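Contents: one structure, followed by commentary.
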Amino acid sequence: MIAGRLTMRAAVERNQATGTDSWNNPVPADFQSIGDPLPCFVWSKDTNKVADGGKVVLIEDMRAMFALGADIQANDEIASVTDRKGTEIIPGRLKVEGEVQRKHTHLECALERVA
């Protein structure tokens, strides 16, 4: 049922770096592809402007849905979102924010833009 809705493809990358440096700080992230792009659907749920002392920030609440059983985890990054033919739809990197939620027919997660 949900497969017809998953019209986009997400190139998912996962941090492969482990351990700490000589100062006991985490080593720099090393994001590597986890395989073929995953079928998905990404959308913008809401956009808000926040003004604070002369600065204005635009905050966009983005979501993504994946098939049940898809290999997607918290803190993964999406390098690109394309259509089925490989044309980029959403430019830039997106990070999976928080835990992936299991719904009745799909997995859903919140995304934040990585700048």
Side-chain angles (χ1 to χ4, degrees):
M1 287 182 232
I2 197 70
R5 184 84 195 262
L6 304 178
T7 59
M8 301 175 186
R9 301 293 180 262
V12 179
E13 296 181 351
R14 189 163 292 145
N15 185 7
Q16 304 298 321
T18 59
T20 57
D21 64 12
S22 58
W23 295 93
N24 207 28
N25 294 318
V27 294
D30 178 26
F31 284 94
Q32 300 293 324
S33 174
I34 63 166
D36 292 336
L38 299 176
C40 69
F41 186 78
V42 178
W43 73 97
S44 178
K45 185 175 178 187
D46 192 18
T47 303
N48 293 311
K49 284 186 180 179
V50 177
D52 180 25
K55 293 181 265 181
V56 178
V57 177
L58 185 65
I59 300 173
E60 185 175 16
D61 182 13
M62 294 185 72
R63 303 285 175 156
M65 107 177 35
F66 296 89
L68 289 174
D71 186 13
I72 188 82
Q73 299 176 5
N75 298 317
D76 282 352
E77 289 192 7
I78 298 173
S80 66
V81 178
T82 62
D83 63 12
R84 290 179 179 159
K85 295 180 180 178
T87 305
E88 187 174 54
I89 298 172
I90 300 173
R93 296 180 71 83
L94 303 168
K95 181 178 179 181
V96 176
E97 182 180 347
E99 294 301 316
V100 176
Q101 301 172 357
R102 182 182 170 86
K103 304 291 184 174
H104 293 290
T105 59
H106 63 278
L107 300 175
E108 191 173 314
C109 58
L111 302 174
E112 68 179 15
R113 185 151 318 268
V114 178

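The shown structure was predicted, so the numbers you read here are calculated from the model rather than taken from an experiment. Positions are given from 1, in the same order as the sequence printed here. The figures here come from the full heavy-atom set of this structure, side chains too, leaving out hydrogens, waters and symmetry mates.
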With a cut-off of 3.5 Å and sequence neighbours excluded, list every side-chain donor-acceptor pair involving residues 32-39.
unit_1 : atom_1 : unit_2 : atom_2 : d
Gln32  : NE2    : Asp30  : OD1    : 2.7
Ser33  : OG     : Gly35  : N      : 3.2
Ser33  : OG     : Gly35  : O      : 3.2

If you look only at distance, which donor and acceptor atoms sit under 3.5 Å apart when one is on a side chain in residues 68-77 and the other is two or more places apart or in another chain?
unit_1 : atom_1 : unit_2 : atom_2 : d
Asp71  : OD1    : Arg14  : NH1    : 3.4
Asp71  : OD1    : Arg14  : NH2    : 3.0
Asp71  : OD2    : Arg14  : NH1    : 3.4
Asp76  : OD1    : Arg14  : NE     : 2.9
Asp76  : OD2    : Arg14  : NE     : 3.4
Asp76  : OD2    : Arg14  : NH2    : 2.9
Asp76  : OD2    : Gln73  : N      : 2.9
Glu77  : OE1    : Arg93  : NE     : 2.8
Glu77  : OE1    : Arg93  : NH2    : 2.8

Would a 4.5 Å heavy-atom cut-off, applied to side chains only, mark Leu107 and Val100 as touching?
yes
With a cut-off of 6.0 Å (strictly less than), are more than 12 heavy atoms of other residues, nucleotides or ligands near CG of Asn25?
yes
Hey, does the side chain of Asp21 reach the backbone of Asn24 with a donor-acceptor pair shorter than 3.5 angstrom?
yes
Check whether any side-chain heavy atom of Thr87 sits under 4.5 Å from a side-chain heavy atom of Thr82, and report yes or no.
no
Write down the atom of Ala17, the atom of Pro28, and the distance for their closest heavy-atom approach.
CB-O, 3.2 Å
With side chains defined as the heavy atoms from C-beta onward, is the minimum distance between Val50 and Val56 less than 4.5 Å?
no
Distance-minimising heavy-atom pair for Glu13 and Phe31
OE1-CB, 3.6 Å
Please test Asp83 against Met8 for side chain to side chain contact (heavy atoms under 4.5 Å, CB included), starting from the C-alpha separation and ending with a verdict.
CA-CA 5 Å; Asp83 63 12; Met8 301 175 186; 6.0 Å; no
Evaluation steps, side chain to side chain contact (heavy atoms under 4.5 Å, CB included), between Lys95 and Arg113:
CA-CA 6 Å; Lys95 181 178 179 181; Arg113 185 151 318 268; over 6 Å; no
Working for side chain to side chain contact (heavy atoms under 4.5 Å, CB included), residues Glu108 and Arg63
CA-CA 7 Å; Glu108 191 173 314; Arg63 303 285 175 156; 4.3 Å; yes
More than 12 non-hydrogen atoms from neighbouring residues, nucleotides or ligands closer than 6.0 Å to CD on Gln101, yes or no?
yes
Any Phe41 side-chain heavy atom under 4.5 Å of Thr7 side chain
yes
For Arg84, give me all partners under salt bridge (Lys or Arg N to Asp or Glu O under 4.0 Å), at least two apart in sequence or on another chain.
none
Over all atoms of both residues, closest heavy-atom pair of Phe66 and Cys109
CE1-SG, 3.8 Å
What verdict does the side chain to side chain contact (heavy atoms under 4.5 Å, CB included) test give for Ile78 and Leu111, after you've listed the backbone C-alpha separation in whole Å, the side-chain angles of each residue and the deciding distance to 0.1 Å?
CA-CA 9 Å; Ile78 298 173; Leu111 302 174; 4.0 Å; yes
Are any non-hydrogen side-chain atoms of Val81 and Glu88 less than 4.5 angstrom apart?
no
